[in-house]
Amino acid sequence: MIQNLAFLPILLPMLAGVILLTSLFGKNITSRRVTSVVLSTITFLVSLVLLLKVQADGTQVYAIGEWSAPFGIVLVADPLSTLLVSLTALLGLVCVLYASAGDDEKGSFFHPLVHFLILGVNGAFLTGDIFNLFVFFEVLLIASYALLMHGGDKRNTRAALHYVILNLVGSAIFLIALGVLYGVLGTLNMADMAQKVALLQGDDVYLAKIGGLLLLVVFALKGALLPLHLWLPNTYATAMPVVAALFAIMTKVGVYSMMRVYTLIFGDEAGELSHMAQTWMWWFAMATIAMGGVGVLASKDLRKLTANLVIVSVGTLVALVAVQTIEATSAAIYYLVHSTLVTAALFLLADLIGRQRGDVADRITAGPAVAQPRLLGVCFLVAAIAVIGMPPLSGFIGKVWLLKATLDAEYTFVFWPLYLLVSLAILLSVAKAGSTVFWHHQDSLIESNATDSVEQSRVHPAQLAALIILIAGAPLMTIFAGPLSEYAIGAASQLHDFNNNIKIILSGGH
Amino acid sequence: MTLLWIPLLSLLGSIISSMTGKLTRNQSTGLTLLMPITALLMTISLAPAVFSGEVIRSTFSWIPLLGIDIAFRLDGLALLFVFMILVIGILVIFYARYYLSSNDSMPKLYAYLMLFMTAMLGIVMSNNVIQLWFFWELTSISSFLLISYWWHKAEARNGAIMALTITGGGGLALLAGLLLLGNIVGSYNLDIILASRDIIQAHDWYEVTLILILLGAFTKSAQFPFHFWLPHAMAAPTPVSAYLHSATMVKAGVFLLARFYPALAGTDIWFIIVSLTGLTTLLFGAYVALFKHDLKGLLAYSTISHLGLITLLFGLDTKLAAVAAIFHIINHATFKASLFMATGIIDHETGTRDMRKLNGMWRFMPYTATLAMVAAAAMAGVPLLNGFLSKEMFFAETLHQQLLGSMSWLIPVLATIAGAFAVAYSARFIHDVFFNGDPIDLPKQPSEAPRYMRLPIEILVVLCLVVGIVPNFVIDDILKSASFAVLGGYVPEFEVSLWHGFNLPLLMSAIAVSGGLLMYTQRHYLFQFHASLPSLNGKKLFDNSISALTNWCQVKINTIENGSLQRYLVLMFVVVLFFAGWPLFEMNQLSGQKPLTPVDVHNAMGAALLMIGAISTVIWYRTRVISLLMLSVVGLMVSIAFTRFSAPDLALTQLTVEVVTVILLMLALFFLPQNSPKESSSMRVLRDIGISAGLGIVIASICYALITRPLESISDFFLANAKTGGGGTNVVNVILVDFRGFDTLGEICVLGIAALGIYKLLINLPLYIPATDSEGRPWAKERYPVLLASISQSLLPLALLVSFYIFLRGHNMPGGGFIAGLVTAVAFILQYIAHGSNWIAERLTIKYRKIIASGIAIALLTGVGSWFFGRPFMTTWFEYFDIPFIGEIELASALVFDIGVYITVVGSTLMILASLGKLTANEPANAPSKEVNI
Amino acid sequence: MIEWIISILLLLGGSFVLVGSIGLVKMPDFFMRLHGPTKATTLGMALLLTASMIFFSSTQAGFSAKEILISLFLLLTAPISGYMMIKAAIHHKLDSIERTKGIDNIEDDV
Amino acid sequence: MELLYASSVGVLVSCGVFLILRSRTFPVVLGLTMFSYAVNLFLFSSGRLSLNQAAVLGTSTEYADPLPQALVLTAIVIGFAMTAFVVILAIRGRTDLGNDHVDGQVPDKNNHNNDNNNKVKV
Amino acid sequence: MRSQMRLEAKFRWLPTPLRSLLLFIVWLLLNNSVSAGHIVLAVILAIVIPLATSPFRTKQPLVLKPGLAFRHLMLVLYDIITANVQVAILILGPNKKLTPGFVKVPLDLTHDMPITILASTVSLTPGTVSAEVYPWRECLTEGKEPEERFLLIHVLNLEDEQALINTIKQRYEAPLKEIFQC
Amino acid sequence: MLETVILIVFAMIGLSLLLNVWRLLVGPSVPDRILALDTMYINTIALIILYGMSMGTALYFEAALLIAMLGFVSTVAVCKYLLRGDIIE
Ligand code: NA
Ligand code: NA
């Protein structure tokens, strides 16, 4: 089993999905929930074991079907991918847990779909083959389409329609990009592609450039970079919050793909094409941050606010990816984990708060008091401090780190002011939101709201557990910032070590 | 280690006090006070060492890779602040015990206060600038909580947000400045930074760094024009104001000036910015304070003014000015804290802070009045009180600077004017409240405050007096050691004493006192003048700009994210057009070196049909059914193209998929309008034509460029190993089930999930069922045409046979599980069309979701099977067996895998169509769909 | 000899297919157009397929008769396709040329 | 022939994109389908064009590049799944939103064109 | 009548013997092989597939006269060829000469399958295309079988309506009645 | 000789296809277009068979077989759509 460890983060969710579809362990909802939670816990634990193994023994290359790279599909479990796999598994566990309080019953196949989504995300993180990346993109997208409509209403349908159509076009562009790249390089393994890109001559360079730039479009769409971000705010704000929380990882897939493709294939060693997309990523990222900031200020409800926070975080991450230094990449890795956890937590919180505020729901306006002000208030405070990036929680480390990492970058003079201003906008908006939602009560609304309905919407233990897992990330990531930073820098160094990567992947792991 | 305990105890106090909800007030206060008192004792024990010039340090590793450590440092400056923070903190906590009403939660206030204390202690003791910033931001957060303590009041919420935004913004600037500073020096360690003055000031970034750090300091210490948050922070309970605005929060800003004085000060830019900001703030605060009717408002502006004074002192280019600044920090803390507490008593006892109502309080609370009057006199700078001493030093220093060149005389003049205003507002505080006739409409009958509520004030007032009378005796050590820290080791000779003889500063003091008193007596002229000024309301400005900004953002967002998919798509296509098109122009030659193949008639005709089909689809796109027929032509021609260019598997797949797609679209067409209205403007159509033509040309060019170039690919490997390694001669199929079987596994997952998703979309969907077609024709009567029904029954076994054949040969010849699955599915679809979904439902009892799941499971477990042979996932196994009579047969794991594919495809396709069919099949039409057969 | 047979079959088949398509274009109303494709084309296809059958049986080792299967399919399905199409045409009340007899034999299908 | 092939792909792309940019779901779906045909042809051609060289061992001496064919096959299947989903989503949209505009609402000036099928029974 | 129409086959494992035979032959045709392996497989398939699809089969009369059926098949094939030549001539000739028409042929057959075969035959033979089978089930009261059924055909060139009806009934319908014994 | 014949037949089939397309484009009715498309399906079978013969390969036979099957199903589906709207009811 241990030699197949790298494959388990893909196998387990798939198996879980299948098991849940066939109701192997019982048909009633409780047994389905228990099965789902247990299986996602196992996936998470296994991911952690893999992470530890990679930490101990170095990158694991798993040749599926025993066909080694570049001919077969290999999985590359390096520190970065395993970290993200573990994060995904954790998020999956959290969402399954949270939904077990009742959200999973608002539509069919919630649990299998979540596992399939995790399958897709994990596959995208682990694969070393670019076409296989496409396949896993599709797996996660189709699962996300289905989940997006879970328990949905009319607004939801509209957002989903946009999301699906845009992504279908995106997938088509992905295929065009793959066609161009294969047509020039004659290979699909990313390490092998990197090797071949370095050797390109003449007009082939420009063809490969087209491929690379088209990939940027695809990843920008998935990651929600301006001007391809427009689907995100409505999609995330209208999806069921637990689904939106799960989606927090999905934009990261786009960012991760950029990291891989533009560090490995079009990185330092790519000859004429080295750092080809850097400038574009920079400006896209800046525009995204600005747009996210505007969106944050304009948000009228908590979910929309969080969705815009996701956009800002994506812009920030891509800016870091664009710097293409070990320091920036490591900052990106830390910030990625932090922002995923905290935005997911905010989506869940928005849901819990909304449920306790009657018709006002999560709108940022005066309304009835929440039934559990202390619990939700403390959780919100923690999440808010983390997302604003204030001490003492993880956000501030991310902020310090990313500012430090971009200090010597080319466009710092734009990035720093922009980032700081948007941080201020976030500070203002989140503080206002929290203060309005928790403190600004409208008495007339309190009376009209029947107490028993609020009583019903008290936080379920499963929801609380899920929320706490996410929120605990913020203090834990601060306390263990030392080892985490070591990990992130290690992972980033590995990502930037071109020759070693090529050697490891193409030689099958040793 | 002891050092760490000082903030840690305070933090512990915060935690402990938050848990004292069940205890009595005295117990709660006692328990809370235990921690800062212990910390104070510890500090006292450390003081001698510090006085002797030692700097105590304590460092723990935290994030070494980022240069962030937990590092504390106690020098003279820090010690002074630690004392101030702890002493006044203890007094405020004690005071708050009596101040809070029974409705207010004491543990909460204490917890916040102690948290705030922790943050302040952290700031002043940090030896790492990032850590300093950490605590700096923590003060913003805890002050936010403190200011909004009475959160049900709008002004508390708004005041808190304003304070947070301004100081938070400053905090961000500070962070940027500190990071730059750290980068210049190469370390975040304060010791190193303070020792690197020359490097810093010579660096290109010095100015930016300085301005950023000053922004942090100025926002925190409420310097003009960032002052306006402070008056609104007065919505907090008075103990909070007493703490935040005398000794702590606002002092953090001037602390920062003092802290970085050795590293950053000494340049012209420092002096100009700091002194002018200080001077402006000093004057502005003093002036406005006079006109405030609210006691706390007066004190707030007075605070602003005094902070301006301190800032100005740090901005004067003499060493002694810095000493004076430090001295005034101490003095301001004592008298301002006592004044706030006195105000709290007055408010507490009378129910108002409006000086227009408060009159003649001397009669009701003589004791408090005395204390307040002494403190106010200190504020005014009356001799024998501490305020006098530092103000005297200040006046003296204004005379010794050369900041404004020939206009430097302006500074002492303006300082004197500010001093006069200070006297005037202090006089107003004393006279308007305690004398000036009888009170008007007081909400409560005033009386003297409880004994112990006055105790903290008494202590502070005594301090004011003692320092004022025998300054050397009391504060010499601490002032010296703090100055030592600020001035970086060199302390100028100075003597703090009551009497320096008749000199210019004394004259200035005299002018200030007499001018102030004159101003106060003639105040009605001033009030009239002030009323005639256009009101410049910082809060309003802030609120308006925030709401203007928010509105602007909302308008922008609504225009950009206007919910128009077409716009989003156009954006995406334009980006693609640009990214794909731009490198084309960089190419030297589009066409490659590969010899071109001549066009033959079949290709020409196929291409013509393909293009005709495509263009017709567009032309008829409004008449949907015709458009669909045209699309079928395209699909057919695409599969012909695949046959033509040596891809039989693709041709088969394309054919089957195309038919299923068309059927699906036809199903959809029933539930959708059958025609599209014309609604795009000609301009839009033109734009769209432009974009699509552009994309078409670009993609075609890329395609042409690719296929005219030779290719060296990894495919030779597949051709060479398909038979030997994969056991099949159809290389495409071997790739699909073996070399890249993992892709196929993902692909069937996609298919399965899509089916689940579709089921999910359709369940309980109430559909509009059109009674007629688009031309108003009612539907035909015959539901299941007889001939179709019987022939389709006969075709089913035949089709299954064919699909089995296609499945079986796939490994060696064109075919395989996927195509076979679709053929089976199409055969069943024909049954659905011919007999309806209820008829099928009665005969097919397996649930589709289970079919899908088992298909995926078979494929997956086949892959896992190779583990038992110690091989990685999906390692193929195949063997040829020679069975007597029957002959040689090949068994391969890939075949089992392909069975999984087959089953998934059948299950998914049927689930999709059955879900749709089920929509209309159930009776009555309105009832929610049952979970039949899925 | 075999080549001759194949050639004749091919030419015949091609002609029938062509005739079917000519009928499709030339006939004045839908009902009349239907006859060409349902009959001529089907037969044409059968002939072409037979030609192919003979061709592959003669050129490659062994007898090849798969083509029969396609013919069988066409023979089974062509009448039904025609039937469905004519039903659709009747439903759409497509005009038949004036001299068409027995229009009143058609029942109203709604 | 290469030029012809490329032009065909170009025409398909153009027509597909044009349809994708329409305002009603059905043409958009048609456009997506056509676009994916174009993309499949494009991806297929990345292995270059070859006549009568199907990658079935033993049938020829030289073989067409089998890898893009396998990729296109996967792409076709995935495309089918996606198209199916979006078709059903379009139906769902029509039901939920009352019209088949991609934005869920018809711009005001066209209200008279809103739905051709307003004669409906439930 | 010597024997009765049968809806159920003799052996339950072989519900449709003729169909099984067809499958057997088709399998061998598809594989171009009469190797032992394929014969075994063909037998298995010929038995398994009809059994597996039997739920999707409505009960229809079985062929009771295979010999006659074969002869009829040959006749139809012959007719198809001649019919097509005729039709080709009609198509290529001037349109003006054609007098199309709709003809309603009363049927003696009552079961769907024989009617389908008849209709198909008619469609494939001289200038006629089957258009409708009247009456529709939807026009009957539920569960009732129609008393008399009609086949509506379109004729490319209608000369003598009654003659045509007679030809169809005698040449094609009568043998079918015989074959299915219905 | 066979090659020439095949070429001629190719031309015949090509011509037929063009005639089909003509009918497909001019209609006038939807059933007309369906009929044209149906005929086109069948003519493509001929095309593929001829192609197989000219190349001497039987690899494309299955494609022809599938067109025969699938063309029928799609024609039936469109007709059912015209008749009943709902093709699976
Ligand atoms: Na007064
Ligand atoms: Na239906």
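So you know, we letter chains A, B, ... as the sequences are listed, proteins then strands, and number each from 1.
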message = Please determine whether side chain to side chain donor-acceptor pair (under 3.5 Å) holds for the pair B:T597 and D:E2, giving the CA-CA distance in whole Å, both sets of side-chain angles, and the decisive distance to 0.1 Å.
response = CA-CA 7 Å; B:T597 327; D:E2 281 79 4; 2.8 Å; yes
Looking at D:D100 and B:R624, is any side-chain nitrogen of the basic one under 4.0 Å from a carboxylate oxygen of the acidic one?
yes
Among B:N730, B:I912, B:L719, B:V685, the residue with the most heavy-atom pairs under 4.5 Å to chain D is B:L719
Looking only at B:Q654, B:M637, B:R740, the option with the highest number of non-hydrogen pairs under 4.5 Å against chain D is B:Q654
The reported gap from CG in B:L628 to OG1 in D:T33 (rounded to nearest 0.5 angstrom) is 9.0 Å
Looking only at heavy atoms, the pair that brings B:C703 and D:V9 closest together is SG-CG2, 4.3 Å
So, the part of B:Y704 with a heavy atom under 4.5 Å from chain D: the answer is both
- Task: Evaluate the criterion side-chain contact (heavy atoms from CB on, under 4.5 Å) for residue pair D:L89 and B:L761; output intermediate values, then yes/no.
- Result: CA-CA 7 Å; D:L89 191 57; B:L761 281 180; 3.8 Å; yes
- [ ] Would you indicate whether the side-chain heavy atoms of B:L765 and D:D96 approach each other to under 4.5 Å?
- [x] yes
* Between B:Y621 and D:F18, what is the ring plane arrangement, given parallel below 30°, perpendicular above 60°, and tilted in between? -> perpendicular
If one checks every heavy atom of B:S713 against chain D at 4.5 Å, the contacting part turns out to be side chain
In short, B:K594 meets D:L49 closest at the heavy-atom pair NZ-O, 4.3 Å
Between B:I735 and D:A70 the two heavy atoms that sit nearest each other are CG2-CB, 3.5 Å
Could you walk me through whether B:V732 and D:L67 pass side-chain contact (heavy atoms from CB on, under 4.5 Å), step by step?
CA-CA 7 Å; B:V732 177; D:L67 187 53; over 6 Å; no
I would like to know whether D:T83 and B:L664 meet side-chain contact (heavy atoms from CB on, under 4.5 Å); could you show each step before the answer? CA-CA 9 Å; D:T83 310; B:L664 201 64; 5.8 Å; no
Practice problem: Could you check B:L762 against D:I88 for side-chain contact (heavy atoms from CB on, under 4.5 Å), going step by step and ending with a plain yes or no? | Solution: CA-CA 8 Å; B:L762 291 176; D:I88 309 298; 3.4 Å; yes
Scanning both residues in full, the closest heavy-atom pair of B:A668 with D:V87 reads CB-CG1, 3.2 Å
One should read off an interatomic distance between D:Y63 OH and B:S646 OG, to the nearest 0.5 angstrom, of 11.5 Å
Report yes if the side chains of B:V731 and D:Q69 come closer than 4.5 Å at any heavy-atom pair, otherwise no.
-> no
Q. Side chains of D:D65 and B:S715: donor-acceptor distance under 3.5 Å anywhere?
A. yes
The interface call for B:T909 against chain D, heavy-atom contacts under 4.5 Å, is side chain
To the nearest 0.5 Å, atom CG of B:L751 lies from atom CZ of D:F85 at 13.0 Å
Between D:S14 and B:A693, the two heavy atoms sitting closest are OG-CA, 3.7 Å
Closest non-hydrogen atoms of D:L12 and B:A614, given as atom of the first, atom of the second and distance, are CD2-CB, 3.6 Å
* To do: Examine D:Y5 together with B:F645 and report whether their ring centres are nearer than 6.0 Å.
  => yes
Okay, B:R622 and chain D: the region with an atom under 4.5 Å from a heavy atom over there is neither
